[in-house]
Structure formats: C-alpha cells, structure tokens
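Since the structure comes first, as structure tokens, the remarks are kept for the end.
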Amino acid sequence: LVILLDSKAQQTELEWISYPPNGWEEISGLDENYTPIRTYQVCQVMEPNQNNWLRTNWIEKGNAQRIFVELKFTLRDCNSLPGVVGTCKETFNLYYQETDSEVGRSLRENQYVKIDTIAADESFTQGDLGERKMKLNTEVRIIGPLSRRGFYLAFQDVGACIALVSVKVYYKKCWSIIENLATFPDTVTGSEFSSLVEVEGACVSDAEEEADNSPKMHCSAEGEWLVPIGKCICKAGFHQKGDASPSQVSEVIKEKVQQRSIQLSWQEPQQPNGVITEYEIKYYEKDQKDRVYSTVRSKSTSATVNNLKPSTAYVFQIRAFTEAGYGTFGPRLEITTQEEATAAIVSSEQNPVIIIAVVAVAGTIILVFMVFGFIIGRRYALAGPIGLSAPVSLLKFPGTKTYIDPETYEDPNRAVHQFAKELDASCIKIERVIGAGEFGEVCSGRLKLPGKRDMSVAIKTLKVGYTEKQRRDFLCEASVMGQFDHPNVVHLEGVVTRGKPVMIVIEYMENGSLDGFLRKHDGQFTVIQLVGMLRGIAAGMRYLSDMGYVHRDLAARNILVNSNLVCKVSDFGLSRVIDDDPEAVYTTTGGKIPVRWTAPEAIQYRKFTSASDVWSYGVVMWEVMSYGERPYWDMSNQDVIKAIEEGYRLPAPMDCPPGLHQLMLDCWQKDRAERPKFDQIVSILDKMIRNPNTLKTPVGTCTRPISPLLDQSTPDFTAFRSVGEWLEAIKMERYRDNFTAAGYGSLESVARMSIEDVMSLGITLVGHQKKIMSSIQTMRAQMLHLHGTGVQV
Ligand code: AMP
C-alpha cells in the first residue's frame with residue numbers, strides 16, 4: 001500500500017477548501033481511540049437547499065492508476081434531530097477532478113466527476129428512550145484509470161449532519177521481491193480490477209536466464225505477486241547457497257510496549273547473503289477487515305513504531321534488504337498496545353464552545369461525559385454526529401436557538417422587526433373572511449413576494465380603533481411565531497406594521513383548527529392517520545420545548561391542519577396570558593386557565609413548564625382519538641379539578657389502541673417529573689407507526705375497565721329507553737332508520753349485535769361501524785356490570 005493522503009496522520013490544519021463559508025468546517029477532535037485528529041464537519045440540517053462543498057488539496061498520484069479512497073465518518077440520524085423533517089439528509093456525495101497540476105483555490109462544481117453517493121452503513125441506531133448510539137462508518141471507493149498527474153477529491157453535502165473523521169487515499173503495489181534468482185521491482189497494480197501486470201525479472205548477480213524461459217511474475221490488483229513463470233539459474237561455476245538472498249528475520253523482541261508506540265529489536269538473519277543496508281517493518285491492525293499495511297524502515301536492528309492506537313492488536317513482520325534486494329518476511333508477531341487510562345480535555349479553536357471529554361477508565365468500564373453546546377447561554381445536551389460512543393463531537397448543532405420573550409424588549413416594535421419580516425401591503429391580496437380572532441378578522445388571501453411564487457396565506461388583522469396596548473399584544477404573536485421554523489409549527493410569513501390595517505401574515509392552513517376538522521370528519525380516518533397527526537404535533541412541541549418555549553394553551557383548537565393533513569402548533573399569544581381562549585376561566589389562584597387541558601400543578605400554583613405542556617398534549621391525544629369530543633364531557637370545571645385530584649383520568653376513547661391510552665395516562669402522571677418528554681413521545685409514536693400491529697384493537701373485545709370517571713361521564717346505556725335515544729347519545733342518529741328497517745327495535749336486541757350485523761345495516765364508514773360496535777360493547781359490559789344481566793351473543 002502506498003498512502004497518498006491520510007488526514008489522520010496530519011496534526012496541523014488540513015486547510016482544505018470549503019464553500020460556502022458556513023458549510024464544512026475544520027474542527028479538531030479526538031478519534032475513537034482518543035488520538036487527536038483533524039475533522040471536517042457540517043450540520044446544516046435545518047435549512048433547505050444545502051449545497052456545501054469541501055475540496056482536498058491536490059493529490060499527486062505518482063504511477064498509480066487505480067486509487068482507493070477510504071472514508072471514515074459519522075452521520076446523524078435525522079430522527080434524532082428536532083425540527084428537521086424535510087430538510088435533513090442522510091447521505092453525501094463524493095467527487096474527483098483530475099488535473100496535471102494544482103489549479104488554485106476556486107471551486108467550480110461542474111468540473112467534478114461523481115464517484116458515488118455515500119450513505120451511512122447501519123451507523124445510527126436510536127434507542128427507545130432517545131439514547132443515541134452512533135458508529136464510525138468506513139466506506140472505500142475505487143477511482144480510475146487515472147491519466148493526469150494528480151487529482152482532487154471533493155465532498156458535497158446537501159443537508160446532512162456529518163463528521164468526516166478520516167480520509168485516506170492510497171494505491172496498491174507489489175513490493176520488490178527476489179524469486180527464482182530474479183529480482184522483481186516495486187510494481188504499481190493495474191488500472192482494472194481483474195488485470196494482472198506482467199513484470200520481467202532481472203537475474204541476481206552470478207545468475208543468468210534459462211534459455212527461452214525468462215523470469216516473469218504478475219502483480220495483481222490487490223498488490224500480490226502471482227503466477228511466477230520462468231527462472232534464472234546460476235552461472236557456470238556458481239551454485240545457489242541456501243536461500244539466494246537475505247534469509248528471514250525471525251528473532252524479534254518486544255522492547256517496550258506503550259499506548260501508542262511499540263519498540264522492537266531483532267537479530268540479523270542467519271544468512272545475510274550480503275551486506276544488510278536496511279530493514280523493513282511491515283505492520284497492520286489485526287482486526288481490520290481490509291488489511292491496510294504500514295511500513296517503517298530502519299538501518300539498525302531496532303525500530304520504534306509510533307502513531308498506534310491504544311488497546312489494539314497489531315501484527316508485525318520484518319525483512320532485511322541487501323544489494324540483491326529484499327529477503328522474505330519473517331513470521332508474524334502479534335503485539336497489543338497498552339490501554340488508555342487518562343482524562344483528555346480538548347478544546348476547539350474554531351468555536352467558542354468547549355467540549356470536555358472526560359474519559360475515565362475503571363477496569364473495563366469507560367465513562368464518557370460530554371458537555372457541550374452552550375448556545376445563547378442555554379445548555380443543550382445533544383450528542384454530536386459521532387455520538388456518545390466516541391468522544392469527537394459536533395460542536396455546532398444549529399437550530400437550537402432559545403426562544404426570547406418579546407416582553408423583554410423595551411420597545412415592542414424592535415422585537416417585531418427582529419423576528420418578523422415587514423411586508424409591503426401591495427404584495428397582499430385579501431380574499432375572504434374565514435374567522436374571528438381576538439383582535440380582529442382572520443382572512444384568507446394571497447401573498448406574492450418579488451421573485452417568488454404567490455402563495456395562499458391567512459391574514460390576521462387588527463381592528464380599527466385599537467389602543468397602543470392592543471397593537472402591542474396583537475403583534476406580540478408575530479414576535480413569538482417569527483422565532484420558530486419547524487414543519488409542525490405554523491409559519492409566519494411577515495407583518496405589515498407600516499400601514500393600515502396592521503396585519504400578521506401566516507401560512508394558510510386549509511383545514512382550519514384540528515378540533516373542528518375532526519368533528520367534521522368523525523370516524524373517517526384510520527388509526528395510523530390519527531397517530532400521524534399526533535406525531536406531527538409532538539414533533540412541533542419537541543421543537544418548541546427544545547427552544548425553551550412553554551405553550552401553556554396546547555389544545556386541539558390551537559392546532560391547525562393543512563390540506564395534506566399536516567398538523568401545526570399555533571396560537572402564540574403572550575405565553576402567560578391566555579385571555580383570548582374561551583376555554584380559559586379564572587381560577588382561585590388568579591389568572592385564566594383552560595382547566596380541562598392544564599396540569600394540576602399549573603392550575604394550583606401556576607407552575608407552567610414543558611412538563612405541563614406534556615399533560616396538555618395527553619389531552620390533545622384524547623381529543624384526536626375521540627374525533628374532537630370535549631374532554632370530561634359536560635362535567636363542570638370544579639368537578640374536573642376534583643376528579644383529577646382524586647386520581648381519576650379520562651378513559652380510552654372508543655377504538656383507541658391500548659398503547660395510545662397508556663401514553664395518555666403517562667402524560668397525566670401527577671408527578672410531572674414522571675411524565676415523558678416530547679422527544680420520547682415522538683419516538684414512541686414513530687415506533688407505533690412503524691409497527692402498525694401495535695395499534696390494532698381487535699373488534700369484538702372489550703377490555704376497558706369501567707372507572708368511576710367513566711361511570712360519571714359515559715352515558716349509562718342501560719338507562720336509554722329506545723334505540724333512537726341511544727343513537728342520539730352517540731351522535732349516530734342518522735342510522736336510526738337502518739336499525740328500525742332491520743328489526744332492531746329494543747336495546748336488548750342491539751346489545752346482541754355483532755360487527756357483521758352492524759355492517760349488514762348498510763353502515764359503510766368503518767369509523768362509524770367501530771363507533772357503534774364499541775358503544776354496543778360498552779352497553780353489554782354495563783348490563784353485565786350494573787344489572788348482572790348477561791347478554792348472549
Ligand atoms: P386565532 O385568532 O388564531 O384563534 O384564529 C381564529 C380562527 O382563524 C382559527 O380558529 C382558524 O379557524 C382561523 N385561522 C387562524 N389562522 C389560520 C391559518 N393560518 N390558516 C387558516 N385558518 C386560520
């Protein structure tokens with residue numbers, strides 16, 4: 001192997017060219033063995049349309065035709081990054097450009113030839129509870145035949161989170177040997193994968209070619225000598241003494257074994273067959289798949305091999321060199337370097353952020369702590385692209401901005417313009433009124449920005465005759481919304497403050513609020529669709545909580561739905577004032593609170609946190625799974641507070657998979673520390689979506705216990721006097737005639753119905769079939785439970 005470039009061996013800056021400047025960045029780090037290395041990293045996963053290039057320095061190729069490029073890198077799983085759906089990628093592209101000389105430091109994309117798209121090879125796994133393990137990937141690509149004197153390699157990132165840990169470029173050659181009394185020179189392998197290079201041997205001194213049988217050997221693409229043909233024979237009067245060149249170096253002694261170096265010494269071969277001028281020490285890592293050899297030369301009978309990895313087994317072989325050429329290698333000697341046992345502290349010069357990697361080895365237990373990511377004063381503990389399994393970490397995970405309360409600005413106008421774009425009123429066309437907001441009408445319309453396609457928007461207007469405080473409070477929502485950029489958070493297009501009416505322009509959400517949307521489409525979605533909506537809301541909330549924003553009024557009415565059924569969190573009034581929510585009522589502790597959605601600690605002593613948002617999220621889950629049913633039905637707010645305090649919780653909505661109800665109950669843990677975090681909720685839902693079997697609720701079984709809360713609130717089916725009354729209670733009165741026509745006149749006869757019976761009535765909507773069937777099952781259970789009346793099916 002002849003190494004042309006080894007980024008890891010370089011301790012100084014690599015100084016490759018990176019373009020644009022906010023793309024690839026050279027960062028110092030430690031490799032998985034805590035050896036200092038130079039890496040290139042990029043992680044522009046939040047912004048769309050990334051095109052970040054990195055080009056190596058010029059690599060002179062020598063005689064090589066077939067070049068191997070070995071890349072070691074880590075790549076972060078997009079799922080492990082909040083708020084990157086749609087923009088985050090998991091591959092990068094490798095290119096090369098052949099030239100006869102260096103071509104300056106400009107980077108022109110069209111000059112590069114693509115080698116391959118590189119993807120991580122089972123690199124990232126994400127544990128159930130969000131712990132991340134990432135492995136170092138090794139990918140080797142071959143380029144050639146190459147015809148120019150040298151080349152550049154280039155890496156194109158299109159929006160992934162990558163750390164390029166090592167780039168090694170090499171070619172293979174067959175090392176000079178003496179065989180059949182002939183010397184064969186160092187030979188570079190051929191350009192094609194299968195080609196053998198034929199090499200003529202030169203007879204050693206006092207030997208000559210056999211007539212018509214000149215010595216030849218073949219150098220394989222893998223750098224091995226194969227197929228010897230012909231030979232040299234001793235000239236008249238000479239005869240071969242033992243092995244014609246130096247004999248093996250067989251007695252090798254380990255002088256000193258350290259963490260990163262090994263010192264060896266050896267005896268001169270028994271038959272030097274000349275004056276030994278040099279020794280060659282060849283070694284490789286024992287466990288490495290594609291055995292990459294390195295060599296060290298020494299003029300004496302000892303040598304120190306440096307730059308080794310700790311706790312790693314290496315295999316060494318030594319051969320001697322005389323005027324006649326190299327002898328054969330001696331036996332393999334395996335030596336393992338010492339274990340690492342120090343604490344390493346690394347700081348990066350490129351970044352104000354400091355990574356502290358403390359590596360403590362106690363026996364076989366290695367504890368790695370990483371503390372990094374102080375962005376705008378807020379600690380953000382995210383594993384870097386290499387993850388916790390290795391101490392190189394990415395310092396600059398973007399998108400972890402911290403939410404800034406606009407109220408902290410003395411001048412509210414400055415806050416608006418800090419976070420929201422001022423739009424020219426002439427770009428906005430109001431079309432119709434779609435709703436009423438607290439400060440004025442909400443309209444739909446079009447926004448046409450110069451150089452962009454026109455788009456549908458919602459326009460919130462501030463009614464005429466507003467006070468200064470109303471104007472400030474109205475624009476406050478824009479100052480909050482403008483700080484967010486996530487596919488599950490409603491996007492602010494801009495504001496109009498220098499004209500009348502004052503407007504806030506938001507992306508248009510065709511299907512309006514989630515609660516109304518679900519009520520309108522009662523029973524029409526599959527469980528997977530519903531869980532998909534919940535996943536989106538959880539991802540939006542994960543993003544908001546990562547930014548340190550506490551919503552305080554998370555409810556289905558404050559989620560908007562677009563035409564693709566994507567749910568987005570909205571309603572960002574001043575987070576501590578929920579005045580505009582009609583659900584909010586004054587509590588004894590002061591302030592208005594939407595009781596049914598709010599965690600007990602927030603009701604009792606106004607402890608609003610992301611954990612109280614998780615409670616509300618559980619209620620949203622319940623609203624979604626029950627198609628917009630009102631939580632706790634018509635119970636009074638006081639009764640709700642009392643029931644929750646006594647430990648009662650909402651029962652599973654009809655047809656709700658038990659796993660989802662369990663997640664709701666987890667969100668409603670009294671102790672807020674026990675509730676799941678939003679990132680855990682996202683991964684639990686993702687897992688359910690990936691394994692839809694976990695979401696199946698077998699029709700025809702009823703395992704739901706009848707809790708006191710359920711007794712209070714679920715209609716007592718045994719109390720209905722007629723089928724019509726029952727259908728009305730479950731909002732299915734539209735099927736009254738179907739029941740009558742099929743002869744189901746009494747509730748007793750209804751209670752005996754099977755799913756097939758329900759279907760045979762001509763009820764085609766699966767959601768309605770399920771709703772009716774589920775209600776029948778509850779009725780059956782209640783008859784058994786309350787009256788001891790067994791129903792035979
Ligand atoms: P709000 O003042 O935010 O509660 O808005 C009042 C009503 O206007 C909502 O209930 C929605 O029905 C509608 N609305 C608000 N924002 C949008 C939007 N971005 N797209 C579509 N409808 C919206």
Glu645 with Lys670: basic N within carboxylate O range, under 4.0 Å: yes
Measure from the ring center of Tyr549 to the ring center of Phe484 and say whether it is less than 6.0 Å. yes
When the aromatic ring centroids of Phe525 and Phe517 are compared, is their separation below 6.0 Å? yes
Using 0.5 Å steps for rounding, measure from the CD atom of Glu493 to the CD1 atom of Ile504. 13.0 Å
My understanding is that only residues two or more places apart in sequence, or in another chain, count here; which of them pass side chain to side chain donor-acceptor pair (under 3.5 Å) with Asn564? none
Would you please indicate yes or no on a ring centroid separation below 6.0 angstrom for Trp622 and Trp633? yes
Can you find a side-chain donor-acceptor pair between Ser636 and Gln638 that sits under 3.5 Å? no
So that I can tick it off, tell me whether Asp655 and Lys771 are bridged by a salt bridge, with the cut-off set at under 4.0 angstrom between side-chain N and carboxylate O. no
State plainly whether the residues Arg630 and Asp634 are in salt-bridge range, i.e. N to O under 4.0 Å. no
Run the ring-centre check on Phe678 versus Tyr617 and record whether the distance is less than 6.0 Å. yes
Looking at the rings of His551 and Phe572, which for Trp means the six-membered one, are their centres under 6.0 Å apart? yes
Inspect the contact between Asp454 and Lys429 and indicate whether a charged nitrogen and a carboxylate oxygen are less than 4.0 angstrom apart. no
Quick one: do Arg76 and Glu90 make a salt bridge, cutoff under 4.0 Å? no
Could you tell me whether Arg557 and Asp553 have a side-chain N and a carboxylate O separated by less than 4.0 Å? yes
Under a 4.0 Å threshold between the charged nitrogen and the carboxylate oxygen, would Lys460 count as salt-bridged to Glu477? yes
